[in-house]
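Values in this document were obtained by computation on a predicted structure and should not be read as measured data. Numbers restart at 1 for each chain; the letters A, B, ... are given by sequence-line order, proteins then strands.
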Amino acid sequence: MARYLITSALPYINGIKHLGNLVGSQLPADLIARYLRARGHEVLFLCATDEHGTPAELAAAKAGQPVEAFCAQMHEVQAGIAAGFRLSFDHFGRSSSPQNRALTQHFAGKLAENGYIEEVSERQVFSIADNRFLPDRYIEGTCPNCGYDKARGDQCENCTKQLDPTDLIDPRSAISGSTDLEVRETKHLFLRQSALRGELQAWIDSKTDWPILTTSIAKKWLNDGDGLQDRGITRDLYWGVPVKKGDQDWPGMEGKVFYVWFDAPIEYIACAAEWAEANGKTDADWERWWRTDKGADDVTYLQFMGKDNVPFHTLSFPATQIGSQEPWKMVDYIKSFNYLNYDGGQFSTSQGRGIFMDQALSILPSDYWRWWLLSHAPESSDSEFTWENFQGSVNKDLADVLGNLVSRVTKFCRAKFGEVVPAGGQTGPREAELIAELTTRLRAYEGNMQAMEVRKAATELRAIWVAGNEYLQSAAPWTVIKTDPETAEAMVRLALNLIRLYAVVSRPFIPDAAQSMMDAMGCDDWSWPEDVGAALATLPAGHAFTVPDVTFRKITDEERAEWQTRFAGIRT
RNA sequence: GGCGGAGUAGCUCAGCUGGUUAGAGCGGAGGAAUCAUAAUCCUUAGGUCGGGGGUUCAAAUCCCUCCUCCGCUACCA
């Protein structure tokens, strides 16, 4: 029994996430959390909404709400959807929590104390009409290179040339369209990442088992040009953690807040404190997960995220932790994902393209999505969602292979022996062969899960399901019963136990279906099948069960066509 | 431009510390069975492993080069 701390990248607050976001962080994190719990490990699985920053302020303004109220409401919406997908967070926190405010200010204070903070005066574009400083990409204008009239201050989307806001011709605010802009002097705090480069480099170099996708991005940033750059960690915004040095004011920084990417990863820690508070626990209870001087030295910490989040998790946040010179638990393994595309293009939150989490749940139960998304997780490269593929995979794997197995076994038993586990007969070589195959495959499945090879784990699980059909087909109890009813009883007894075993091993992928399979077997024994033979004798002769409703219904061609049309456009 | 990822059967992918006739699932074809959500199981046909060159007894696998797609490129998050 080991201890695992698991965090998923924090979903941003300004809207409902799409399936690409889900499969890139929260869903695989949930899969692994559920698996490790099932194996008896102690798991703390945390996630939260990432609430600060310009987009949140703008989204709130658009909704005509104060930003605090908007975020509180969107947090509840996201929490509800997460529950709908059966994401088994031990706590779903908020980066705007009091705990995170205090901890973010604490880190800033420590970093300043240790000489890792520098005050820098910068000149930034200020929009008088909007009464706010504009981040580069919130400034639009005509590209000096190609003449495109909607170029952004950081880059022209048309010719991909990198720009500086002052390069733009006829610059205007992307928020209001106002051209009443001026350049103002403003002071900000910078995290001296350059001073921590050596330590970060050594730390990254020690992570030889990380995916190339993860380390290559980190190394690029460490070594590109002059090496790792210092990073501004404050902003001139209203909505954020007020800049303070611990609990002291920070002279000259009044009215400013920390940059969202500074406080968001700190929420991984603060979320544990929120978890403790919400569950009547003490500080020591969460610190044993996060402080290596208070019991966290035996914790394995796993992070899950899309590839766009990698630099912040391999560099900025570790720099924050190291620079504090306090014994914080650092990440042991970063599992990063590529992107899921939608019908030939990208999923896009800003453009409303693709399927969003609430829409997905409105048309099908979460298990359908969980299975498809996890078995097609974009691990080695970007992957593609198409309705045809979704319909085909779900119908075949879930309805035909697994669901129908449950159906044929329970209905056959009910018709021939009643709704109890039959008592007669003995198992023979055919059953021993099945047990051997299941054992081999189960050990492979466990290996894939431990290695967080999500697709391979799904493939193996499917093969485990198929083995049940192969067994039934060759055993053919419907034929055997005519001449040797006792043996047929033994076969059915084993098959009913197989359903319970499948519920246990499938639960990380399809928790609801697993629950209904277990319920139908009239059982609540979720112990992991270390010994397959023994596990297949769990339900004793005479044990009552029920024939469940259809476990997975099929997606019809008409439904597929309708959804394909409905979700082809842009969500408004 | 730089860095990284990908390019393998109709489709989705595995294999890639070099080694017997290149694998799986889906889809196609044929068959078996009829317990079951017309669901299952078996057999089978499909590939000059993006192009070209090189190293080697031997390359999908290593090296060089070219082509195509995708991502990142540091003040959106």
Side-chain angles (χ1 to χ4, degrees), chain A residues 9-14 50 52-56 58 122 124-125 133-139 152-155 160-162 164-165 174 188 193 211-213 215-217 219-221 223-225 228-236 259-261 264 306-312 315-316 338-339 341 346 349-350 375-376 378-384 386 388-389 392-393 395-401 403-416 455-456 458-459 462-463 466 468-479 481 488 491-492 495 549-554:
Chain A
L10 308 186
Y12 195 68
I13 195 71
N14 68 340
D50 175 17
H52 296 134
T54 309
L58 297 179
E122 294 186 309
Q124 287 191 351
V125 174
F133 282 94
L134 296 177
D136 289 357
R137 74 166 50 195
Y138 283 97
I139 303 164
R152 292 187 323 211
D154 57 341
Q155 186 176 43
T160 73
K161 186 178 171 61
Q162 309 242 7
D164 190 88
H188 282 294
Q193 299 186 134
I212 293 173
L213 180 65
T215 52
S216 66
I217 293 172
K219 288 178 178 173
K220 169 67 163 46
W221 282 45
N223 299 316
D224 194 34
L228 189 61
Q229 303 293 299
D230 295 343
R231 188 155 194 132
I233 58 164
T234 55
R235 293 288 184 273
D236 288 293
Y259 174 41
V260 59
W261 262 117
K307 57 186 169 183
D308 51 332
N309 278 330
V310 167
F312 302 99
L315 301 167
S316 308
N338 290 284
Y339 292 142
N341 292 319
Q346 291 191 347
T349 303
S350 58
S375 61
H376 294 78
E379 289 179 300
S380 56
S381 64
D382 293 351
S383 64
E384 170 101 358
T386 64
E388 289 81 359
N389 186 303
S393 294
N395 285 353
K396 188 70 185 178
D397 299 348
L398 297 181
D400 296 349
V401 173
N404 181 56
L405 177 75
V406 173
S407 203
R408 66 196 297 204
V409 169
T410 54
K411 286 183 179 172
F412 179 74
C413 186
R414 178 173 64 184
K416 304 298 181 187
R455 277 182 185 235
K456 288 181 184 171
T459 300
R462 187 188 189 283
V466 167
N469 280 315
E470 287 171 354
Y471 165 74
L472 271 190
Q473 207 64 33
S474 70
W478 49 87
T479 304
I481 193 171
M491 291 170 173
V492 171
D549 294 334
V550 168
T551 311
F552 291 102
R553 70 174 186 81
K554 291 201 198 197

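- Separation of the P atoms belonging to B/G53 and B/G71 is 32 Å when rounded to the nearest angstrom.
- Residues satisfying the salt bridge (charged side-chain N to carboxylate O under 4.0 Å, His left out) test with A/Arg137, not counting sequence neighbours, are A/Asp154.
- A donor-acceptor pair is defined here as one N or O able to donate and one able to accept, closer than 3.5 Å; such a pair exists between the side chain of A/Asp230 and the backbone of A/Gln193.
- For A/Trp221 against B/A74, no side-chain N or O and base N or O form a donor-acceptor pair under 3.5 Å.
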Q. In B/S/- notation, 5' to 3', how is nucleotides 33-41 of chain B contacted by protein heavy atoms closer than 4.0 Å?
A. SSBBB-SBS
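- Residue contacts shown for A/Asn14 are absent, as no nucleic acid heavy atom lies under 4.0 Å away.
- As rounded to the nearest Å, B/C49 and B/U61 have P atoms that lie 9 Å from one another.
- Separation of the C1' atoms belonging to B/U65 and B/U55 is 15 Å when rounded to the nearest angstrom.
- Between A/Arg137 and B/C75, a side-chain N or O to OP1/OP2 separation shorter than 4.0 Å is absent.
- Rounded to whole Å, the distance from CD1 on A/Ile217 to C1' on B/A74 is 12 Å.
- Put simply, NZ on A/Lys456 is 15 Å from C1' on B/G25, counting in whole angstrom units.
- The gap from the P atom of B/A22 to that of B/A60 amounts to 9 Å, rounded to the nearest Å.
- Taking the ring pair (Phe, Tyr, Trp, His ring centres under 6.0 Å) definition, one finds that A/His376 meets it with A/Trp372, sequence neighbours left out.
- In this structure, the NZ atom of A/Lys220 is 13 Å from the P atom of B/C72, given to the nearest Å.
- Stem analysis of RNA chain B (at least three stacked-register Watson-Crick or G-U pairs, each with both distances under 3.5 Å) gives B:1-7 with B:67-73, B:10-13 with B:23-26, B:28-32 with B:40-44, B:50-54 with B:62-66.
- On the P atoms, B/U48 is 13 Å away from B/C11, given to the nearest whole Å.
- When the side-chain nitrogen and oxygen atoms of A/Tyr259 are compared with OP1 and OP2 of B/C76, none of them lie within a distance under 4.0 Å.
- In this structure, CZ of A/Arg235 is placed 7 Å from P of B/C76, rounded to the nearest angstrom.
- When the P atom is compared between B/C70 and B/A77, the two are found 26 Å apart, to the nearest whole Å.
- A/Tyr12 meets the ring pair (Phe, Tyr, Trp, His ring centres under 6.0 Å) test with no other residue; sequence neighbours excluded.
- Set against B/A74, B/C76, B/U12, the side chain of A/Arg455 has B/U12 as its closest nucleotide.
- Only the P atoms considered, B/G51 is 10 Å distant from B/U8, to the nearest whole Å.
- The side-chain hydrogen bond (donor to acceptor under 3.5 Å, both in side chains) test with A/Ser393 is passed by exactly one of A/Asn389, A/Asp397, A/Asn395: A/Asn389.
- Straight-line distance from the NZ atom of A/Lys307 to the C1' atom of B/G4: 9 Å, rounded to whole Å.
- Under the 90° criterion around 0 for the glycosidic angle, B/G25 counts as anti.
- For the pair A/Asn309 CG and B/C76 P, the computed distance is 14 Å after rounding to whole Å.
- Summarising the geometry, the separation between CZ on A/Arg462 and C1' on B/C26 is reported as 8 Å, rounded to the nearest angstrom.
- Between the side chain of A/Glu388 and the base of B/C11, no donor-acceptor pair under 3.5 Å is found.
- Across the C1' atoms, B/G47 and B/U21 are found 14 Å apart, a figure rounded to whole Å.
- Applying the ring pair (Phe, Tyr, Trp, His ring centres under 6.0 Å) test to A/Tyr138 and every residue at least two apart in sequence or in another chain returns nothing.
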